[in-house]
Amino acid sequence: MNSTVHEPARELPVFGDWDVVVVGGGPAGIAAAVSASRHGARTLLVERYGFLGGMGTAGGVTNFAGLYGRRDGEMTQLVHGVADELLARIDALGGLNKPQDGMQGRIRVRSYDTSVYKCAADQLLLDAGVELLFHAFAAAVVMDGARIAALVVETKSGRQAIRANAFVDASGDADVAAFAGVPFAVGDGHGSGLFPSTMFRVGHVEAARALAAVGEFKAINVLMQQARERDPDAYRFPREGAILRPQIDPREWRANVTQIRNAAGDAMNGVDARELSAGEIEGRRQIGEFFRFLKAEVPGFEQSAIVEIAPQVGIRETRRIEGLYALTGEDILASACFDDSIGINAWPMEMHAAGRIEWAFPRDPRRTFNQLPWRMLVPRGVDNLLVAGRCASMTHEGQSAARASGGCFVMGQAAGTAAAGLADGGGFAAVDVSALQRRLAADGADLDR
């Protein structure tokens, strides 16, 4: 039996023409679209869901990581620019928590209310003049030599084409780049990668008792170990290194405790339709099992209830494009500097391996961050495309750090700022990096220069 069908050629209606089209509404896409529009480009952001935030909302992450690091030994915010504005808007709506430290003070995150994030992001983009197309999937591209002439999207109005001078792939999965023929790797290159997690939130918690029992970053893992020692068969935990932390209202907690494998025991492949579907089911199964442990074993959680399971499994790594430079694990550990710096990544290597999390921090404890180079955004082979976010040009190890939201804001702001200047029809490989750096600095970005 023939395993393929023939799809007849057809004429596609043109949804519209823009200077810049950004695909993906996570931190990278938000920063890219805002920056492009503010620099004078008619900008459209295409998002598969009906809201913005990426893994921070659809994946239920509920905290910004990689905004803070140690400079000259002092823990301070290092990622600025569009990120500042988004945080300020979330805070103004009452949805931003105070900074929370972990790993013996080596990391700092800011948790938030996901509903507030969605509302704040809408208004940030609209106020910047960005047009939004929700519920639209990137489905293909139409090439004109080494340039993307049009992006093809699937919408509730049918299959349509969108034309632009420049495109920014902030899809997280490098969807646009893959359609355009950009070389890429998936995961670790050996059939696995960073393991995904399905996130959930627990409400109706007795705050005082819960904070006393598991207020410390690693305390939940101590309770898990004690439960295993009492009865090895009572609970099946998918990984070590569970994270259970309070939200703004300590009666509600976020849980990052699952780990999604495929049938072979490797990390679920987030760009394989069958594995992704099976992974959604497995994530919810693991949540039910862990919640049984919470209610039975953790003080303050006896009367708790699950208030949200994330709309989708949280993906950490899928495709990573081949660009002019690939950020490496050594760049993270060595606190690397680059002449073409576009900003800062302040998150350590966070390798979600089978059954555990492996952390690796910069060797200099007084400088726990690295610069991000412009070249990691520029893909090989396509002139008018930039790739920002977790799918930019990085090795498996480098991506384990720079995939965090802080680095994604940085990459997105640089991509959008550069894309706004491509109206002359040039290519991104020839961008005047010094001029781009001056524009980024003027817009509040910290390039560490």
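Residue numbers count from 1 along this sequence.
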- Sidechain N-carboxylate O distance under 4.0 Å for D383, R147: no
- Note on the structure: Smallest heavy-atom separation, A36 atom then A420 atom, equals O-CB, 3.6 Å
- Query: Can you find a side-chain donor-acceptor pair between Q371 and D448 that sits under 3.5 Å?
  - Reply: yes
- Item | Approximate separation, where rounding is to 0.5 Å, of L377 CG and I321 CD1 | 8.0 Å
- Item | Separation between CZ of F338 and CH2 of W374, rounded to the nearest 0.5 Å | 15.0 Å
- Message: If you compare all heavy atoms of A219 against all heavy atoms of V214, which two are closest, and at what distance to 0.1 Å?
- Response: CB-CA, 3.7 Å
- Item | side-chain contact (heavy atoms from CB on, under 4.5 Å) partner of V34, the single match among D443, T43, L124 | L124
- Query: What's the verdict on side-chain contact (heavy atoms from CB on, under 4.5 Å) for T368 and M75, showing C-alpha distance, side-chain angles and the deciding distance?
  - Reply: CA-CA 9 Å; T368 62; M75 181 67 80; 5.6 Å; no
- Please examine the side chains of F15 and V153, heavy atoms only from C-beta on, and report whether any two atoms are closer than 4.5 Å. no
- Are W359 and E350 close enough that some pair of their side-chain heavy atoms sits under 4.5 Å apart? yes
- Task: Kindly check if the number of other-residue, nucleotide or ligand heavy atoms within 6.0 Å of CD (Q100) is above 12?
- Result: yes
- Has the side chain of E317 got a donor or acceptor atom that lies under 3.5 Å from a matching backbone atom of G193? no
- Message: Treating S341 as the side-chain partner and L447 as the backbone partner, does any N or O pair qualify as donor plus acceptor under 3.5 Å?
- Response: yes
- Note on the structure: Interatomic distance, CZ@R108 vs CG@N63, rounded to 0.5 Å, equals 13.5 Å
- Carefully, step by step, assess V257 and I220 under the rule side-chain contact (heavy atoms from CB on, under 4.5 Å). CA-CA 10 Å; V257 301; I220 186 62; 6.0 Å; no
- May I ask you to check whether over 12 heavy atoms, not counting those of K218, lie within 6.0 Å of atom NZ? no
- Between Q399 and R390, do the side chains contain an N or O donor and an N or O acceptor separated by less than 3.5 Å? no
- Message: Between F137 and V46, is there a side-chain heavy-atom distance shorter than 4.5 Å?
- Response: no
- Message: Whether the side chain of R254 engages the backbone of P246 through a donor-acceptor N/O pair (distance < 3.5 Å, no angle test) should be reported.
- Response: yes
- Message: If only side-chain N and O atoms count, and only distance matters, is there a donor-acceptor pair under 3.5 Å linking R316 with S400?
- Response: no
- Item | Residue D272 excluded, over 12 heavy atoms near CG under 6.0 Å | yes
- Query: Has the side chain of S335 got a donor or acceptor atom that lies under 3.5 Å from a matching backbone atom of P362?
  - Reply: no
- In terms of heavy-atom contacts, T318 and G172 come closest through OG1-O, 3.6 Å
- Quick one: do D446 and R71 make a salt bridge, cutoff under 4.0 Å? yes
- Task: On the 0 to 90° scale, with breaks at 30° and 60°, tag the Y117-Y112 ring pair as parallel, tilted or perpendicular.
- Result: perpendicular
- Message: Ignoring hydrogens, what is the shortest heavy-atom contact between C337 and R367? Give both atom names and the distance.
- Response: SG-NH2, 3.2 Å
- Return the minimal non-hydrogen interatomic distance between G389 and C408, and the atom names on each side. CA-SG, 3.7 Å
- Query: Got I342 and V433 here, is their nearest side-chain heavy-atom distance under 4.5 Å?
  - Reply: no
- Task: To the nearest 0.5 angstrom, please state how far the OG atom of S115 sits from the CZ atom of F51.
- Result: 9.5 Å
- Query: Going from CD1 on I332 to CD on E397, what distance comes out if it is rounded to the nearest 0.5 angstrom?
  - Reply: 10.5 Å
- Task: Check for a donor-acceptor pair, side chain of T57 on one end and backbone N or O of L52 on the other, with a separation under 3.5 Å.
- Result: yes
- Query: Under a 4.0 Å N-O cut-off, is there an ion pair linking E154 with R159?
  - Reply: yes
- Message: A side-chain contact here means heavy atoms from C-beta on lying under 4.5 Å apart; do M268 and E275 qualify?
- Response: yes
- Judged by atom type as modelled, is there a donor-acceptor pair below 3.5 Å linking the side chain of R42 to the main-chain atoms of D17? yes
- Query: Backbone N or O of A128 within a donor-acceptor pair of the S37 side chain at under 3.5 Å?
  - Reply: yes
- Message: Before you tell me yes or no, could you show the steps for E308 and T114 under side-chain contact (heavy atoms from CB on, under 4.5 Å), namely the whole-Å CA-CA distance, both residues' side-chain angles and the distance that decides it to 0.1 Å?
- Response: CA-CA 11 Å; E308 183 192 43; T114 53; 4.3 Å; yes
- Message: Please check this pair: side chain of N384 against backbone of N165, looking for a donor-acceptor N/O pair closer than 3.5 Å.
- Response: yes
- Close side-chain approach of V141 and V176, heavy atoms under 4.5 Å: yes
- Item | Min side-chain heavy-atom separation T62-W253 under 4.5 Å | no
- Atom of V116, atom of G95 and distance for their closest heavy-atom approach: CG1-CA, 3.9 Å
- Short N-O contact, D173 and R319, less than 4.0 angstrom: no
- Does a side-chain heavy-atom distance below 4.5 Å link V313 with L276? yes
- Quick one: pull up CD1 in I344 and CG in L67 and give me the separation to the nearest 0.5 Å. 11.0 Å
- Message: side chain to side chain donor-acceptor pair (under 3.5 Å) for R239 and N256? Distances and angles first, verdict last.
- Response: CA-CA 10 Å; R239 74 175 208 221; N256 176 353; 2.9 Å; yes
- Message: For R274, I'd like to know if atom CZ has over 12 heavy atoms of other residues, nucleotides or ligands within 6.0 Å.
- Response: no
- Query: Do F361 and I107 pass the side-chain contact (heavy atoms from CB on, under 4.5 Å) test, and can you show the C-alpha distance, the side-chain angles, and the key distance before you say yes or no?
  - Reply: CA-CA 10 Å; F361 290 83; I107 61 172; 3.9 Å; yes
- Item | S405 side chain to A65 backbone, donor-acceptor under 3.5 Å | yes
- Message: When you measure from the side chain of E282 to the backbone of R284, do you find a donor-acceptor pair of N or O atoms at a distance under 3.5 Å?
- Response: no
- Message: Can you tell me if D127 has over 12 outside heavy atoms packed within less than 6.0 Å of its CG?
- Response: yes
- Item | Between F291 and F200, ring centroids under 6.0 Å | no
